[in-house]
Amino acid sequence: MIKLEYDFFIRDVLEVAPELIGKYLFLKKDNVDHLYMITEVEAYRGEEDLACHASKGRTSRTEIMYTRGGHIYVYLIYGMYWMFNIVTGKEDDPQAVLIRGIEGIKGPGKLTKYLGLDGSYYGEDICNSSRIEIRDNNIFHPITITQRIGIEYAGEPWASNLWRYVIRNDPK
DNA sequence: GGCACGATGTGA
DNA sequence: CACATCGTGCCG
């Protein structure tokens, strides 16, 4: 298992997102190591993407998306659920990958609750953290590509862009 | 300051 | 389909 470094994350989100399928999320909780295979992600790309929070421009919340890839973007939705994202791309090119599923857990809100991820991870450097990393075991997994979930409000073409990537055979 | 609304999940 | 629950963006 190789830890992924900046060169992996500092690329366009449409390259990084599909490659994250089958990779492993490493977490250290209470001094115990855990590995979870990533099974579902979505790409959010630039200020022009009306489903991307960066479409509102640079704010205290979206600021982290304007940094170079490898930082963590976490935010609260519906007052209850933390969404876990990894920033990608170069500095000043706001992009992020929303991690929507790991093996056995479907749904971005359930995922963060299960893993214990919250606002304390906002801005964390996933290439230089003692508690969270992404690792690769070089095993390829075929993927299914679909539209992103829950962003119809963004209108076209954003609602129809095929920017959701799911591990194939992962039921739904 | 006030208000509308979500990259969701659950349960009727 | 209703709704919980609150940070954020936007307007005033």
Side-chain angles (χ1 to χ4, degrees), chain A residues 8-25 27 36-90 92-126 132 134 143-168 170-172:
Chain A
F8 179 86
F9 299 103
I10 304 180
R11 293 182 296 150
D12 191 274
V13 69
L14 297 182
E15 279 184 67
V16 177
E19 291 185 26
L20 277 172
I21 297 299
K23 299 290 191 289
Y24 285 79
L25 176 62
L27 282 177
Y36 307 96
M37 189 174 73
I38 296 169
T39 58
E40 178 183 353
V41 303
E42 283 177 357
Y44 288 84
R45 187 173 187 267
E47 293 185 342
E48 67 274 20
D49 175 6
L50 297 184
C52 179
H53 291 164
S55 63
K56 305 288 187 185
R58 197 185 279 257
T59 68
S60 59
R61 179 171 70 155
T62 63
E63 187 62 32
I64 197 66
M65 278 203 274
Y66 288 81
T67 64
R68 56 139 177 70
H71 290 111
I72 292 175
Y73 171 39
V74 175
Y75 67 91
L76 189 66
I77 189 73
Y78 298 115
M80 301 175 244
Y81 303 109
W82 293 104
M83 298 289 105
F84 173 59
N85 302 250
I86 302 174
V87 174
T88 63
K90 297 176 181 171
D92 292 326
D93 187 0
Q95 314 180 328
V97 178
L98 170 65
I99 309 299
R100 291 185 57 94
I102 55 173
E103 212 166 18
I105 305 286
K106 294 173 173 60
K110 288 169 66 177
L111 178 149
T112 53
K113 184 177 179 184
Y114 177 78
L115 298 177
L117 299 175
D118 58 22
S120 74
Y121 284 80
Y122 181 95
E124 188 137 334
D125 187 337
I126 208 165
I132 186 166
I134 301 296
I143 60 180
T144 296
I145 303 177
T146 78
Q147 297 178 180
R148 293 174 292 179
I149 306 297
I151 55 132
E152 283 189 26
Y153 69 86
E156 298 305 326
W158 314 109
S160 295
N161 282 348
L162 302 177
W163 288 358
R164 172 171 174 258
Y165 309 91
V166 190
I167 197 164
R168 197 175 300 171
D170 188 44
K172 170 70 186 201

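Just so you know, these numbers come straight off a predicted model, no measurement behind them. By convention in this document, chain letters (A, B, ...) are assigned in the order of the sequence lines, proteins followed by strands, and residues within each chain are numbered from 1.
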Indicate, with a heavy-atom threshold strictly under 4.0 Å, whether [X] touches base, sugar-phosphate, or nothing.
X: A:G109; value: sugar-phosphate
X: A:R61; value: sugar-phosphate
X: A:M83; value: sugar-phosphate
X: A:I151; value: sugar-phosphate

Give the rounded distance in Å between these two atoms: [atom1] of [X] and [atom2] of [N].
X: A:Y75; N: B:dA7; atom1: OH; atom2: P; result: 5 Å
X: A:Y153; N: C:dG9; atom1: OH; atom2: P; result: 13 Å
X: A:L98; N: B:dA7; atom1: CG; atom2: P; result: 10 Å
X: A:I86; N: B:dA7; atom1: CD1; atom2: P; result: 19 Å

The side chain of [X] lies closest to which of these nucleotides: [options]?
X: A:S60; options: C:dC6, C:dG9, C:dT5; answer: C:dG9
X: A:P108; options: C:dA4, B:dT8, C:dC6; answer: B:dT8
X: A:M65; options: B:dT8, C:dT8, B:dA7; answer: B:dA7
X: A:Y44; options: B:dA7, C:dA4, B:dT10; answer: B:dA7
X: A:Y78; options: B:dT8, C:dG9, B:dT10; answer: B:dT8

Consider only side-chain N and O atoms of A:Q95 and A:Y73, and report whether a donor and an acceptor are under 3.5 Å apart.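 There is no such pair (donor and acceptor under 3.5 Å, judged by atom type) between the side chains of A:Q95 and A:Y73.
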Taking pairing as Watson-Crick or G-U wobble with both contacts under 3.5 Å, can you name the mate of C:dT5, or confirm there isn't one?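 When the pairing criteria are applied, nothing turns out to pair with C:dT5, so the answer is none.
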Pairwise side-chain contact, A:L25 with A:I99, heavy-atom cut-off 4.5 Å (strictly under):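 Contact flag for A:L25/A:I99 side chains = no.
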Heavy-atom closest pair, residues A:Y165 and A:A17: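 So the two residues come closest at CE1-CB, 3.6 Å.
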